Amino acid sequence: MASRLSQEEENYVRMSLLLTGISPRAARALFDQEFAPSCLDSSLKKEYNKLKDLQNKRVINQSQWNLLFPRFPDLPDSKTFDVTLIITLLRNLTNLSPPHGGFDRLPSDNETTPSSDLARIKYYRNFLAHLDEGKVDSTTFTTAWDNVTNAISRLGGQPMKLECDDLKVKILDQTNQEIMLDIKRSNGEIMELKKSYESLNKSVKGLKRAKKALTKKVKKLKTSQEDTVPWNIRGKY
């Protein structure tokens, strides 16, 4: 079925499917090389203190923590880890050299290390998540697609590269469109919730400041009432 999306919307759909479907598996391929699946549980338990410190610093959230240390008799499984958690574990628990600009910036084209490829995937996932309209122009799409698919190829091998090539040209069916339109709507709702939260947070901080100022005034008034000499007159002496 031919796509009813515009070209820019179709670019967005393909990038989303690339970054949510294929790239996590490529990142996981590297992760499983560093942490053998059969030993993942014991490997994480050995790093418990370091992981707990990351949780206390809010680098790891509660839902991610539950994946790392599920309730007995369940065991951790890298298939349940998202790209963010995989990168967090690799950058904090392994000896992988970070990209020259760190994991939070897009590496230069001449950097082709595993860590730089992880940073590329992370960068474009964040880029896509912050697009309000759900559209990607063709120039940006071509650059982003090449960067991400090259990273996937290096991390996951030739079979994943072929998947990327197929995804770039295949006709998007109605299911793909509906899923991505739902994602667009969800992203919009998330942004609205985030704005509401920030607004509420500012209001709460304002109330706390007002309460603190009022408490000082009440304390000062109480002191002046207990003192036989008014505070403003005492100040002169």
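Computed over heavy atoms, backbone and side chain alike; hydrogens, waters and symmetry mates excluded. The model shown is predicted, which means the values in this text are computed figures rather than measured ones. Heads up: numbering here begins at 1 and tracks the sequence.
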Chemist: I need the minimum non-hydrogen distance between R14 and L167, along with the two atoms involved.
Modeler: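 Shortest heavy-atom separation between R14 and L167 comes out as NH1-O, 2.7 Å.
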Chemist: Would you please test L90 and S115 for side-chain contact (heavy atoms from CB on, under 4.5 Å) and show each step?
Modeler: CA-CA 9 Å; L90 287 173; S115 57; over 6 Å; no
Chemist: Say whether, by atom type as modelled, one donor and one acceptor occur between the side chain of R154 and the main chain of D117 under 3.5 angstrom.
Modeler: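 No, the answer is negative, given that no donor and acceptor are paired below the 3.5 Å cut-off.
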Chemist: Considering residues, nucleotides and ligands other than K52, do more than 12 of their heavy atoms fall under 6.0 Å from its NZ?
Modeler: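 Yes - once you tally the heavy atoms of other residues, nucleotides and ligands closer than 6.0 Å, there are more than 12.
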Chemist: Can you name the ring pair (Phe, Tyr, Trp, His ring centres under 6.0 Å) partners of F35, sequence neighbours left out?
Modeler: F31
Chemist: Of all the heavy-atom pairs spanning P76 and L40, show the shortest one and how long it is.
Modeler: O-CD2, 3.7 Å
Chemist: I'd like to know if E111 and R120 make a salt bridge, using a cut-off of under 4.0 Å between side-chain N and carboxylate O.
Modeler: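 No salt bridge links E111 with R120.
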Chemist: With rounding to the nearest 0.5 Å, note down the distance linking CD1 in I60 to CG in L54.
Modeler: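 So the CD1 of I60 and the CG of L54 are separated by 4.5 Å.
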Chemist: Who pairs with Y123 by ring pair (Phe, Tyr, Trp, His ring centres under 6.0 Å), at least two apart in sequence or on another chain?
Modeler: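 Testing Y123 for ring pair (Phe, Tyr, Trp, His ring centres under 6.0 Å), a comparison that skips the adjacent residues, returns none.
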Chemist: At what distance, to the nearest 0.5 angstrom, does CG of L18 lie from CE of M160?
Modeler: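 Those atoms lie 11.5 Å apart.
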Chemist: If only side-chain N and O atoms count, and only distance matters, is there a donor-acceptor pair under 3.5 Å linking D137 with T140?
Modeler: yes
Chemist: Let me confirm one number: the SG-CG distance from C164 to N150, rounded to the nearest 0.5 Å.
Modeler: 9.0 Å
Chemist: The criterion is salt bridge (charged side-chain N to carboxylate O under 4.0 Å, His left out); which residues satisfy it with K168, sequence neighbours excluded?
Modeler: none
Chemist: Between L51 and L44, which heavy-atom pair has the shortest distance, and what is it?
Modeler: CD1-O, 3.6 Å
Chemist: Within this structure, what is the CD-OG distance for the pair E9 and S16, rounded to the nearest 0.5 Å?
Modeler: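 The OG atom of S16 is 11.5 Å from CD of E9, to the nearest 0.5 Å.
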Chemist: Taking atom CG of N11 and atom CD of E8, what is their separation to the nearest 0.5 Å?
Modeler: 7.5 Å
Chemist: Should L155 and L162 be regarded as members of a common hydrophobic cluster, given that ILVMFWY residues are connected when their side-chain heavy atoms come within less than 4.5 Å of each other, either directly or indirectly?
Modeler: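 No; tracing contacts between hydrophobic side chains, which count when under 4.5 Å, never links both residues.
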Chemist: CG of L96 to OG1 of T113: how many Å apart, nearest 0.5 Å?
Modeler: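 It comes to 8.0 Å.
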Chemist: If we only count heavy atoms from C-beta on, is the D165 to V169 side-chain gap below 4.5 Å?
Modeler: no
Chemist: With a 4.5 Å heavy-atom cut-off, do L89 and L68 have their side chains touching?
Modeler: yes
Chemist: Taking all non-hydrogen atoms of both residues, which atom of M15 and which atom of V148 are closest, and how far apart?
Modeler: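 Answer, listing the atom of M15 first, then V148: CE-CG2, 4.4 Å.
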Chemist: Would you say that K135 contacts Q7 through its side chain, given a criterion of any heavy-atom pair below 4.5 Å between the two side chains?
Modeler: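 A side-chain contact under 4.5 Å is absent here.
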Chemist: Considering non-hydrogen atoms only, spot the tightest contact between V136 and Y12 and give its length.
Modeler: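 Taking V136 first and Y12 second, the nearest heavy atoms are CG2-CA, 3.9 Å.
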Chemist: Run K161 and I152 through side-chain contact (heavy atoms from CB on, under 4.5 Å) and show every step you take.
Modeler: CA-CA 7 Å; K161 175 63 164 60; I152 288 173; over 6 Å; no
Chemist: Would you say the side chain of D109 lies within less than 4.5 Å of the side chain of N147, judging by non-hydrogen atoms?
Modeler: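 SC-SC contact between N147 and D109 confirmed.
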Chemist: Establish, from distance only, whether the side-chain atoms of Q55 and Q62 form a donor-acceptor pair under 3.5 Å.
Modeler: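 Side-chain D/A pair, Q55 to Q62: present.
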Chemist: Going by the rule ring pair (Phe, Tyr, Trp, His ring centres under 6.0 Å), which residues pair with Y48 if we only count those two or more places apart in sequence or in a different chain?
Modeler: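 So Y48 forms a ring pair (Phe, Tyr, Trp, His ring centres under 6.0 Å) with W65, F69.
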Chemist: Which atom names give the shortest non-hydrogen contact between A27 and I86, and what distance separates them?
Modeler: O-CG2, 3.9 Å
Chemist: Per the salt bridge (Lys or Arg N to Asp or Glu O under 4.0 Å) rule, what does the pair list look like for residues 65-87, sequence neighbours excluded?
Modeler: none
Chemist: In terms of side-chain geometry, is the basic nitrogen of R28 or D32 positioned less than 4.0 Å from the acidic oxygen of its partner?
Modeler: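 No, R28 and D32 are not salt-bridged.
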Chemist: Sorted by first residue and then second, give each side-chain hydrogen bond (donor to acceptor under 3.5 Å, both in side chains) pair with at least one member in residues 85-106; sequence neighbours left out.
Modeler: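 Checked against side-chain hydrogen bond (donor to acceptor under 3.5 Å, both in side chains) - neighbours excluded - the pairs reaching residues 85-106 are D104-K122.
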